[in-house]
Amino acid sequence: MQFLNLLAARVVSACLTLPSATSWNIAATLLSMTALICMPLGLQTGFLWFTVPRLSALKMTGVLVACFLFPALAEELCFRVMPLAHASEQSAFNTQILCGMISLFAYVLYHPLNGATLYRFSWPTMTHPIFLFSTLILGVACSISYWQSGSIWTAVAIHWIVVVTWLLLLGGYARLKFPQDGVENS
């Protein structure tokens with residue numbers, strides 16, 4: 001019961017902590033660093049390419065809203081907020097680093113497991129080395145942002161912007177071949 005109370009307190013604290021202007025600036029810097037690391041590598045290897053999927057305005061809005069809820073909000077709750085000490089907790093630095101590394105490992109591993117089970121159409125993407133490396137970099141950026149701000153909202157913003165940019169501008173939507181669009185992986 002004490003563990004569940006701790007998780008609930010972390011979720012409430014993370015959601016109610018509003019980021020400062022400094023925290024948003026740090027989040028923007030982390031987002032830029034993520035892009036500077038992942039985009040050149042993705043473009044050079046062909047994992048990323050510039051394209052815009054042909055989606056109706058309604059479908060595009062659906063992608064934007066859905067990506068905010070999942071993966072951005074849901075994954076930040078599961079892989080940052082619940083396992084990592086909130087800024088208001090008195091947690092030893094070594095404990096924070098260990099929890100951060102375990103959480104980061106789980107976050108990266110979650111993607112291929114998700115591709116092997118719930119979203120089997122995404123398996124080739126979720127196991128691609130560039131995707132996994134980019135996931136690692138995104139996880140580090142979101143963890144740093146959460147630790148610095150104590151707010152889920154900076155990490156959610158970083159996560160959401162990266163995913164939406166990938167899906168709608170850098171080939172992610174085409175790469176995933178969503179079954180609901182009538183395109184299955186062979």
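In this structure, the side chain of S145 does not engage the main chain of A141 through any donor-acceptor pair within 3.5 Å. A distance-only check finds a donor-acceptor pair linking the side chain of S122 to the backbone of Y119 [under 3.5 Å]. W160 places a side-chain N or O within donor-acceptor distance of the main-chain N or O of L64, the cut-off being under 3.5 Å. Side-chain atoms of S103 do not come within 3.5 Å of backbone N or O of C99 as any donor-acceptor pair. Without hydrogens or angle criteria, E76 side chain to L73 main chain gives no donor-acceptor distance under 3.5 Å. In terms of modelled atom types and a separation under 3.5 Å, the side chain of T95 and the main chain of S91 share no donor-acceptor contact. Between the side chain of W147 and the main chain of A87, no donor-acceptor pair closer than 3.5 Å is present. Counting only distance, with no hydrogens or angles, the side chain of S20 and the backbone of S23 share a donor-acceptor pair below 3.5 Å. Proximity of a side-chain donor or acceptor of T45 to a complementary backbone N or O of G42 within less than 3.5 Å is detected.
Scanning all heavy atoms of the two residues, the minimum distance from L132 to M126 falls at CD2-O, 3.2 Å. Nearest heavy-atom pair, C67 versus V163, reported as atom, atom and distance to 0.1 Å: SG-CG1, 3.8 Å.
Not counting sequence neighbours, the partners of F131 by the ring-ring contact (aromatic ring centres under 6.0 Å, His included) test are H111, W166. Applying the side-chain hydrogen bond (donor to acceptor under 3.5 Å, both in side chains) criterion to N25, with sequence neighbours excluded, gives no partner residue. A search for side-chain hydrogen bond (donor to acceptor under 3.5 Å, both in side chains) contacts involving Y110 returns N114, not counting sequence neighbours.
Crowding of F70 atom CZ: a count of heavy atoms from other residues, nucleotides or ligands under 6.0 Å exceeding 12. For L58, the CG atom is loosely surrounded, since the number of other residues' heavy atoms within 6.0 Å does not exceed 12.
With respect to the salt-bridge test (charged N to carboxylate O, under 4.0 angstrom), the residues E75 and R80 do not qualify.
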